[in-house]
Amino acid sequence: MSFAEQVLSIARPDSVHDISYRPERQSYYPSPVDWRDEVLYFLLVDRFSDGREDSRRLLDRANLEAARPGLPNGEPWRWDRWAESGRQRWQGGTIEGVQSKLGYLKQLGVSVLWLSPVFKQRGHLDTYHGYGIQDFLQVDPRFGSRRDLVDLVTAAHAEGLRIILDVVFNHSGANWLYRPDTPGGIYEAVYKPDGRYPFGSWRDGSGRPAPDIATEEDGVWPTELQHQDCYTRAGTGDMGNGAIDDPNAEHKRSDFCDLRDFDLDQPYVLSDLSRCYKYWMALTDCDGFRIDTLKHVTMEQARNFCGAIKEFAANLGKQNFFLVGEISGGDYVQNFYLDALNRNLTAALDIGEMRPILCSVAKGLRYPKDYFDGFKPGDSSMGSHRNLGWQHVSILDDHDQISGEKIRFSSYASCEHQVAAGVALQLFTLGIPCIYYGTEQAFAGPERSERKWLPGWKASDRYLREAMFGPEHPRASGSAGMNELDMNLPGFGPFGTAGRHCFDENHPVYRRIAAAAALRSKYPALRCGRQYLRCVSFLNKPFDFYGPGEIAAFSRILDDEELLCVLNTNGTELRGAEVIVDAALNSGGSGTMTVVLNSCQAAEKQDYSGTHPAGSEVAVHRTADGRAFVRIEKVRPAEIIVLANHP
């Protein structure tokens, strides 16, 4: 019997030390040789799929009003009700729902699924996002079961896909309360710079104070985390305050609102949390962890946790187990942690200065050079790590948008498919690209004319987290939501709707991204080749780096192969230019480069009638001083053309 079958045959253990089976030297799915070969897809489990889309119609985006029904009580559609549904309610997505969409994801060109945390939350709270863990050894029943998670990973591996789990070791859920006389109160005490507050009480399954942990719904599990000294107990402070290298900085000791900070310097706390996640690695055969709030633990704690996970993974045969850190605070902080943790941390999520620059360049609002300078060692704090390619995960949209307004790329795009240009930049430049769920369907929120009715528009995470499967209603609040729906609220469906799903494999943005991802998979140069921003010339101007809103061109070169990527960053007008290419690599033979991707053609297919269709050739010309260039004409708005010298 395998380790997984042994574990699943009994109830989840109360203690991490109760796990007596040894998983080593069993068969586990191997790690990829190079994570740059992968395309990640991040989804919130609650907001992705419930597996019942066959019972709903596909959303008709030309008639959104038809998907805004009244409530059973006769109340007409109201925007405040829709917004309330999305703010803090479970919508009903499940692990089985994710498994039902593996074909959709594989067709998109995704190779790795990053799941939001699936571990058990407090039943009386609506922490659908998964970051408020009550039981570190159990799957939340609203998502499914341990068996469902194991089955998902097994099914994904059978399709050639990998799974990354989102893990938290900085804090637990809101599993205990401060004493009533604590400054600030029982939920979010005023930050205490020195020492710690007295422990108040555990919470029972309904959230009330409890003297002891008597059931699985009370307090926190496993038992190793039930000692009061496992927690810093310093209250809620400023999560950005203090020096990054100060182990006692406020941002490292503070609770995360009402989520309780672990005191990882206490004996065995860090090792016991590591054991929890080793358990999940061995049980599920997952392929990596995304580590939440890594900035909020000390260097030594991060190094020890990552080192322990890496060693355990290697002993299972996963020598390149993926560990990617969420490190807020910008390039400097990301660079600091990557340097300090060295090989113990695989990569950082590129959620600092680079994400808004990427968005602005793709929209034609900034010079392309601003983006490409971010890869230069010495010119950017993260430059050396981005230049390696495998140490940063490129982000366009995500569930937090820490830098800038909390809106998706498509919310204010010049055209619906402009987001595909942003994803193409991710796919074709150095790094490991990550697509956020719904980006491939151009999620944008409700129409601009309706946004004035939305509370917190541009400032609330909720508008980044629409439910792709289009539930009719959310779950009821609190423990009642385990079995009941709230019929007084509409589901938080995409584009301000309810009862319609958005899994459309024929959508023009989906098609464009799928074609770009397929090209990336075909040509190693697009994954690990050297990268060069190319000078362009138009309207008899000298060759130079132009923009915003003009042609952005860059080459990826591997050995003697050059892939030239030409993007029209203008979202409303045609653009063309003469583009420099490598003179040595294009010096002989036919003197041509061949178009291997035209994103507009990928969407329109046989209806395409524009310039540079796939398979066509473009002549390589020479300037008087010997530079080689190609002439690209009439690229449609927000489209990308890719050419190869050895197709």
Please table the atom pairs, donor to acceptor, closer than 3.5 Å between any side-chain atom in residues 306-316 and protein atoms at least two apart or in another chain.
unit_1 : atom_1 : unit_2 : atom_2 : d
K310   : NZ     : F321   : O      : 2.7
K310   : NZ     : T346   : OG1    : 3.1

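- For the pair D400 and D461, the minimum side-chain heavy-atom distance is below 4.5 Å.
- Using a 4.0 Å cut-off between charged nitrogen and carboxylate oxygen, R87 and E84 do not count as a salt-bridge pair.
- Applying the side chain to side chain contact (heavy atoms under 4.5 Å, CB included) test to Q401 and every residue at least two apart in sequence or in another chain returns R355, D397, D398, K406, L464.
- Shown here are the side chain to side chain contact (heavy atoms under 4.5 Å, CB included) partners of T182, two or more places apart in sequence or in another chain: Y178, R179, A189, Y197.
- Residue H171 forms a ring pair (Phe, Tyr, Trp, His ring centres under 6.0 Å) with just one option from F262, W176, F256, and that option is F256.
- Considering only residues two or more places apart in sequence or on other chains, H129 meets the side chain to side chain donor-acceptor pair (under 3.5 Å) condition with none of them.
- Applying the side chain to side chain donor-acceptor pair (under 3.5 Å) test to Y277 and every residue at least two apart in sequence or in another chain returns nothing.
- Geometrically, R408 engages Y437 in a cation-pi contact defined by less than 6.0 Å to the ring centre and at most 45° from the axis.
- Checked against side chain to side chain contact (heavy atoms under 4.5 Å, CB included), E447 has the following partners two or more places apart in sequence or in another chain: L64, R68, S449, E450.
- Using a 4.0 Å cut-off between charged side-chain N and carboxylate O, E326 and K295 make no salt bridge.
- In this structure, the side chains of L137 and P13 come closer than 4.5 Å at one or more pairs of heavy atoms.
- The side chain to side chain contact (heavy atoms under 4.5 Å, CB included) test applied to C230 returns H227, V269, not counting sequence neighbours.
- Applying the salt bridge (charged side-chain N to carboxylate O under 4.0 Å, His left out) definition to pairs two or more places apart or across chains, those involving residues 134-144 are R12-D135, D140-R142.
- For F469, there are no ring-ring contact (aromatic ring centres under 6.0 Å, His included) partners two or more places apart in sequence or in a different chain.
- A salt bridge links D292 with R290: the closest approach of a Lys/Arg side-chain nitrogen to an acidic carboxylate oxygen falls below 4.0 angstrom.
- Counting only residues at least two apart or in different chains, salt bridge (charged side-chain N to carboxylate O under 4.0 Å, His left out) contacts with residues 192-207 comprise R196-D229, R196-D263, D204-R208.
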Derivation and outcome, side chain to side chain donor-acceptor pair (under 3.5 Å), residues Q121 and D126: CA-CA 8 Å; Q121 308 292 293; D126 294 316; over 6 Å; no
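- Residue pairs meeting the salt bridge (charged side-chain N to carboxylate O under 4.0 Å, His left out) criterion with at least one partner in residues 478-492, sequence neighbours excluded, are R89-D486.
- Looking at residues two or more places apart in sequence or on another chain, you find no ring-ring contact (aromatic ring centres under 6.0 Å, His included) involving Y191.
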